[in-house]
2 protein chains.
Amino acid sequence: MLKKDGVTIYRIAKEANVSPATVSRVLTGSANVREPAKSRVLALINKYNFKPNVMAQSLYLKQSKMLGIILPDIDHPFYSMIVKELERQALEKGYTCLLCNSMQNFSIEQAYLDNLISRQVDGIVFLGGRINQTHPTEELRAGMIDALKHVPIVFVNGKMEGVDAHTIRTDEASGVRRLLELLAHHGHREIGLLGGEVGVSSTDEKVSVFLETMKEKGLIFKEDWIHSSGYSIEAGEKDATHLIHLDDRPTAVLCMNDFVAIGAIKRFRKFGLKVPGDISVTGFDDTYLAEHFPPGVTSVNHNYQKLAKKTIETLVGLIAHEEQQKEAIIPTYVTVRNSCEEWQH
Amino acid sequence: MLKKDGVTIYRIAKEANVSPATVSRVLTGSANVREPAKSRVLALINKYNFKPNVMAQSLYLKQSKMLGIILPDIDHPFYSMIVKELERQALEKGYTCLLCNSMQNFSIEQAYLDNLISRQVDGIVFLGGRINQTHPTEELRAGMIDALKHVPIVFVNGKMEGVDAHTIRTDEASGVRRLLELLAHHGHREIGLLGGEVGVSSTDEKVSVFLETMKEKGLIFKEDWIHSSGYSIEAGEKDATHLIHLDDRPTAVLCMNDFVAIGAIKRFRKFGLKVPGDISVTGFDDTYLAEHFPPGVTSVNHNYQKLAKKTIETLVGLIAHEEQQKEAIIPTYVTVRNSCEEWQH
DNA sequence: CTGTTAGCGCCTTCAA
DNA sequence: TTGAAGGCGCTAACAG
């Protein structure tokens with residue numbers, strides 16, 4: 001049941017009248033090879049377009065130079081942007097990436113985790129999914145703990161209680177605070193919060209920072225002004241709908257991400273509310289959508305490049321058995337656009 | 001320089017008092033194993049959370065169950081949407097995907113191609129990049145021809161003269177025709193064409209079908225109405241700018257993709273033109289942007305799911321040495337939204 | 001049904 | 001500087 005033949009170092013060795021070891025040496029440069037032979041080998045490598053079998057190399061060397069990336073949905077600009085940077089950084093360090101979309105499905109996520117380990121990836125970057133659950137099931141936690149015994153894993157913007165993993169996170173809390181400061185500075189005192197999902201930690205954390213900061217600043221907040229039906233544009237539309245007919249509508253809303261902000265803006269405008277005239281809106285993630293969707297959405301940028309760089313550095317450090325700091329916080333910044341303005345009614 | 005230990009079938013075998021072959025048998029189910037032993041093995045596998053080394057398996061079996069995907073930029077919704085479907089289809093057939101973003105750089109693209117082959121992927125899906133060049137360099141062509149000697153490759157929406165690869169393409173030509181029919185039906189007779197890049201086949205083909213169909217239908221077209229500065233939102237803005245101050249502005253424009261359409265709409269509106277009132281706009285790719293960007297962009301859908309399914313089926317068929325049709329055309333359809341309307345000035 | 005053996009393709013001691 | 005030999009972890013004959 002063996003399949004295609006393929007040129008090997010043995011074939012090259014034979015034709016070049018040297019030993020396989022010698023071919024290996026010119027291939028890896030691990031030792032000098034004298035000139036008449038060296039050229040013959042090189043010529044044959046070129047002739048056959050010989051590409052060494054990395055699986056065989058990896059088997060011996062016990063390192064695959066592959067990194068796994070597990071995330072919920074590459075379709076979301078936040079993930080596609082971060083993936084691109086992660087891949088770029090990995091490439092620079094000689095790693096190839098295995099991308100795994102769990103499609104929001106925990107069993108696929110687990111299957112991928114096992115698969116990556118079986119495939120001998122040297123490390124894994126984990127985004128979203130179970131590490132974003134405020135209360136993950138015991139099974140999910142156990143799966144992660146097991147995985148960590150096999151391979152270094154770095155969490156991006158997530159955590160799991162009782163799981164001792166290295167984490168890189170963007171400072172979402174300060175992002176929320178900055179947005180509120182901005183709005184307060186514009187004279188807004190009544191502010192709502194839209195999108196996200198209860199039980200997902202990035203939502204839960206934002207909510208708690210939001211409430212805390214509102215209180216701190218003496219701003220006004222009502223239960224009616226918070227709705228969390230998801231992370232999609234549709235969720236933004238739905239959540240915004242609740243506010244439209246309220247007598248005591250907030251004058252501004254914080255949205256969990258740019259998708260939600262866009263949905264909210266669409267819905268507000270559909271019902272005749274001006275954004276930002278009648279209601280100011282902020283996004284989160286600062287994806288290209290925030291830039292281009294009218295009127296331009298003020299949003300919090302994750303510093304994608306720094307985030308990815310730190311993540312890969314940490315992971316590669318762990319692979320090399322170097323001590324790494326347990327948690328790194330990447331500062332965020334607000335990109336101001338036209339979806340917020342002075343409140344002057 | 002050997003690294004982490006790791007449990008192997010030998011370890012399991014020893015502790016279970018059986019031979020490694022027996023462990024392998026319970027692992028793969030390739031033969032029956034009697035009960036007392038079988039349970040002991042299973043228990044140990046469970047105890048150690050043993051995961052077989054796929055590289056070793058692959059080395060012997062000469063199949064990695066990995067597919068490579070090479071594309072220019074995962075950030076573009078067209079690519080992220082198609083990748084998601086490709087991955088889903090691959091997963092269903094037991095394959096894991098290696099994603100490679102060439103970042104529009106031909107040498108990275110080539111490096112990835114070599115890398116994938118070295119890593120023994122069983123097949124490659126190739127999108128964009130060199131297979132979209134109307135006149136690729138000899139080097140790029142040679143690189144592809146060499147790669148094809150090593151592994152099956154399926155092109156998606158591309159081709160290379162002199163390179164005998166299997167191709168799956170969406171019927172972009174009929175997409176363009178349908179859009180023009182739609183516009184003509186709405187009474188538009190003067191139509192422009194924005195975005196894309198000369199020398200890139202998907203642009204070149206659309207241009208040629210456009211010109212042909214315009215002529216066929218007796219519609220009016222001027223050199224001034226065609227601009228091709230790229231595939232981005234910015235390109236759309238730039239290209240649209242050229243039309244704004246024209247006395248004989250077209251009443252509708254076809255845009256190369258949704259990004260360009262969005263850029264064009266932004267720009268038109270910025271200069272006080274109503275879309276679709278003063279000028280109708282169409283997109284291409286039918287990404288989620290087309291749905292959500294006001295006023296909703298009429299666009300051509302690639303039938304992503306079918307496209308991905310056919311692609312993976314063909315690739316997997318080739319891997320199994322089954323005959324496959326050389327070229328498959330996936331029908332497109334137009335999703336009508338509000339960016340086009342009756343011309344009535 | 002089970003153990004022994006050989007080998008997938010490569011790399012690296014160890015001697016020469 | 002070079003070759004011979006062994007082994008990375010696994011699977012599939014081949015005997016028993």
Side-chain angles (χ1 to χ4, degrees), chain A residues 1-42 44-45 48 50-66 117-122 150-151, chain B residues 1-42 44-45 48-66 117-122 150:
Chain A
M1 100 136 276
L2 302 182
K3 285 168 58 181
K4 63 181 169 192
D5 50 334
V7 177
T8 70
I9 55 170
Y10 286 93
R11 169 91 171 271
I12 306 266
K14 199 171 201 174
E15 294 196 26
N17 261 323
V18 294
S19 76
T22 299
V23 178
S24 174
R25 286 181 187 113
V26 338
L27 227 44
T28 63
S30 62
N32 284 330
V33 174
R34 279 228 184 73
E35 215 2 290
K38 187 169 183 178
S39 292
R40 268 177 296 154
V41 170
L42 252 12
L44 285 165
I45 287 176
Y48 291 120
F50 170 70
K51 312 219 189 344
N53 183 327
V54 172
M55 307 210 112
Q57 289 181 161
S58 300
L59 186 58
Y60 182 86
L61 298 174
K62 289 179 181 299
Q63 57 158 9
S64 64
K65 284 287 178 180
M66 288 197 298
I117 293 169
S118 261
R119 288 192 180 281
Q120 312 297 116
V121 296
D122 295 332
H150 292 275
V151 65
Chain B
M1 100 133 278
L2 302 181
K3 284 167 60 182
K4 64 181 168 191
D5 49 333
V7 177
T8 70
I9 55 168
Y10 285 93
R11 169 91 171 270
I12 306 266
K14 200 172 200 177
E15 295 195 27
N17 262 323
V18 294
S19 75
T22 299
V23 178
S24 174
R25 286 183 186 111
V26 339
L27 227 45
T28 62
S30 61
N32 284 332
V33 175
R34 276 227 186 76
E35 214 4 288
K38 188 169 182 179
S39 291
R40 268 178 295 153
V41 171
L42 250 13
L44 286 165
I45 287 177
Y48 291 121
N49 276 303
F50 171 69
K51 313 223 188 341
N53 184 328
V54 173
M55 306 211 114
Q57 290 180 161
S58 301
L59 186 57
Y60 182 87
L61 297 174
K62 288 178 183 300
Q63 57 159 5
S64 64
K65 284 288 180 179
M66 288 197 297
I117 293 169
S118 261
R119 288 191 180 281
Q120 313 296 117
V121 295
D122 295 332
H150 293 275

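Naming convention: chains lettered A, B, ... in sequence-line order (proteins, then strands); numbering from 1 in each chain. No hydrogens, no waters, no symmetry mates; every other heavy atom, side chains included, goes into these values. These numbers come from a predicted model, not from an experiment.
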To the nearest Å, how far apart are [X] [atom1] and [N] [atom2]?
X	N	atom1	atom2	value
I9(A)	dT12(C)	CD1	C1'	11 Å
R119(B)	dG9(C)	CZ	P	18 Å
R34(A)	dG3(D)	CZ	P	11 Å
K65(A)	dC10(C)	NZ	P	19 Å
L59(B)	dG7(C)	CG	C1'	9 Å

Contact class for [X] vs. all strands (heavy atom < 4.0 Å): base, sugar-phosphate, or nothing?
X	answer
S58(B)	nothing
V54(A)	nothing
P20(A)	nothing
V23(A)	nothing
V33(A)	sugar-phosphate

Look up atom [atom1] in [X] and atom [atom2] in [Y], then write down how far apart they are to the nearest 0.5 Å.
X	Y	atom1	atom2	result
S118(A)	H150(A)	OG	NE2	9.0 Å
L27(B)	L42(B)	CG	CG	9.0 Å
T22(A)	R40(A)	OG1	CZ	9.5 Å

When you get a sec, tell me which of [options] is the closest nucleotide to the side chain of [X]?
X	options	answer
Y60(A)	dG9(D), dG7(D), dT11(D)	dG7(D)
A56(A)	dC1(C), dA12(D), dC10(C)	dC10(C)
R25(B)	dC11(C), dC14(D), dA4(D)	dC14(D)
Y10(A)	dC11(C), dA12(D), dT2(C)	dC11(C)
L61(B)	dG3(C), dA12(D), dC14(C)	dA12(D)
A37(A)	dC10(D), dT2(D), dC8(C)	dT2(D)
S19(B)	dT2(D), dT1(D), dT4(C)	dT4(C)

**Report entry** I12(A) side chain near Y48(A) side chain, heavy-atom distance below 4.5 Å
**Finding:** yes

Does a nitrogen or oxygen in the side chain of [X] sit under 4.0 Å from OP1 or OP2 of [N]?
X	N	answer
K62(A)	dG9(D)	yes
T8(B)	dG9(D)	no
N53(A)	dC10(C)	no
T22(A)	dG3(D)	yes

Query raised in the report: So, does R25(A) use its side chain to make a donor-acceptor pair with the main chain of K38(A) at under 3.5 Å?
Result: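 Answer holds: no.
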
Query raised in the report: Looking only at heavy atoms, what is the nearest atom pair of R119(A) and S64(B), with distance?
Result: NH1-O, 3.0 Å

Requested in this report: Check if the side chain of R11(A) and the base of dG9(C) share a donor-acceptor pair of N or O atoms closer than 3.5 Å.
Outcome: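 In this structure, the two groups form no donor-acceptor pair.
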
